[in-house]
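Throughout, numbering of the chain's residues begins at 1 and tracks the sequence. Basis for what follows: all heavy atoms, side chains included, without hydrogens, waters or symmetry-related copies.
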Amino acid sequence: MTKKEERQKRQQEKLAAELGRLENMKVFERKYEACGLICGIDEAGRGPLAGPVVAGAVILPRDSQILWLNDSKKLTAGRRELLYDEIMEKALAVGIGVVSHERVDEINILQATYEAMRQAIEQLGMVPDVLLNDAVTIPGVELKQVPIIKGDAKSVSIAAASVIAKVTRDRMMIQMDQKYPGYGFASNKGYGSAAHIAAIREKGPCEIHRRTFIRNFTGQQSGKNGEAANEQTTDRNSI
């Protein structure tokens, strides 16, 4: 066998393995396909110290084939960007919900996540028949819901939603890095890296920091409604 033939064989084996992996990620889609339109739901940004929480809702065609689709956390930034474009092109509908850092502080991160997910569903432009959710049951939603633990690694629909949410939020945080330099938002995306925490301690929080997340890194008293940039905050240790 020539080197070219060996290379082609390896590529074919890699493709076959990927197709098999994707088939395993369609177990829930096949289980509920008789229900009608299936929508995957996931979020990005529950854990960061700054910025919004973003939810994605995606309805894929039954016969969709999106190679390398996976839990967004397992993908490189470059791969996520490519998949984002492919999902937007192939999906029957995509909805995105964004809930601000102020709202996170106001109602807590879990309720803000639910709010973002409800927004995403409303933005679809069509009504799904069943929701495949990453681990949660969304209150205030009358549709059939199926919470799946680690769903972004088990369902192509949820994985697609996770990519949409993650890429959308990452792009927002890159823009925020230009507006609020010095915190490393372009690289840490608002998460609590050592450099980010050091910047908060040195500079104080900026406008988009979640005041209820950073008490451990500031030693000052809270201003009314979180208006003061140096106010005390509460660390929620959220996921």
Are [X] and [Y] packed together at the side-chain level, in the sense that at least one heavy-atom pair is separated by less than 4.5 angstrom?
| X | Y | value |
| --- | --- | --- |
| Y114 | R118 | yes |
| E23 | R30 | yes |
| I197 | L49 | yes |
| I59 | I38 | no |
| Q123 | V94 | no |
| L131 | K144 | no |

From CA spacing to verdict: side chain to side chain contact (heavy atoms under 4.5 Å, CB included), I87, V58: CA-CA 8 Å; I87 293 164; V58 177; 4.0 Å; yes
Whether [Y] and [X] form a salt bridge (side-chain N of Lys/Arg under 4.0 Å from carboxylate O of Asp/Glu) is what I want to check.
| X | Y | value |
| --- | --- | --- |
| R10 | E13 | no |
| R171 | E81 | yes |
| R103 | E106 | yes |
| K74 | D152 | no |
| K26 | E29 | no |

Quick one: do [X] and [Y] end up in the same hydrophobic cluster if we chain Ile, Leu, Val, Met, Phe, Trp and Tyr together by side-chain heavy atoms under 4.5 Å apart?
| X | Y | value |
| --- | --- | --- |
| I41 | L110 | yes |
| L83 | I96 | yes |
| I107 | F213 | no |
| I158 | L124 | no |
| V127 | V141 | yes |

Could you measure the distance from the [atom1] atom of [X] to the [atom2] atom of [Y]? Nearest 0.5 Å is fine.
| X | Y | atom1 | atom2 | value |
| --- | --- | --- | --- | --- |
| D71 | M25 | CG | CE | 8.0 Å |
| L19 | K14 | CG | NZ | 12.5 Å |
| S157 | D134 | OG | CG | 12.5 Å |
| R21 | N24 | CZ | CG | 9.0 Å |

Identify the heavy atoms of [X] and [Y] that sit nearest to each other, and give their distance.
| X | Y | answer |
| --- | --- | --- |
| A199 | Y183 | CB-CD2, 3.9 Å |
| V156 | L60 | O-CD1, 3.9 Å |
| P128 | M126 | CD-O, 3.4 Å |
| M172 | V54 | SD-CG2, 4.2 Å |
| C39 | A57 | SG-CB, 3.7 Å |
| G56 | A165 | N-CB, 3.7 Å |

Is the backbone of [Y] close enough, under 3.5 Å, to the side chain of [X] for a donor and an acceptor to pair up by distance?
| X | Y | value |
| --- | --- | --- |
| R169 | P52 | yes |
| D42 | A161 | no |
| T168 | I164 | yes |
| S162 | S72 | yes |
| N188 | S193 | no |
| D177 | F185 | yes |
| E18 | W68 | yes |
| T113 | I109 | yes |
| K90 | Q65 | yes |
| Q145 | L132 | no |

Test applied, side chain to side chain contact (heavy atoms under 4.5 Å, CB included); reference residue, V53; option that passes from E115, R210, H101 =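 The option that passes is R210.
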ask   = Step by step, would you call I208 with M173 a side chain to side chain contact (heavy atoms under 4.5 Å, CB included)?
value = CA-CA 10 Å; I208 67 167; M173 294 308 295; 4.1 Å; yes
Next item on the list: Walk me through it: do L75 and K166 pass the test side chain to side chain contact (heavy atoms under 4.5 Å, CB included)?
Entry: CA-CA 11 Å; L75 302 168; K166 174 66 173 168; over 6 Å; no
Criterion side chain to side chain contact (heavy atoms under 4.5 Å, CB included) on I138 and L143, from CA distance to verdict: CA-CA 10 Å; I138 309 163; L143 303 169; over 6 Å; no
Tell me whether K154 forms a cation-pi arrangement with F28, defined as NZ or CZ under 6.0 Å from the six-membered ring centre and within 45 degrees of its axis.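 The answer is no; the distance or angle limit is not met.
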Check your understanding: Do the ring centers of Y180 and H209 come within less than 6.0 Å of each other?
Key ->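 Not close enough - the centres of the two rings lie 6.0 Å or further apart.
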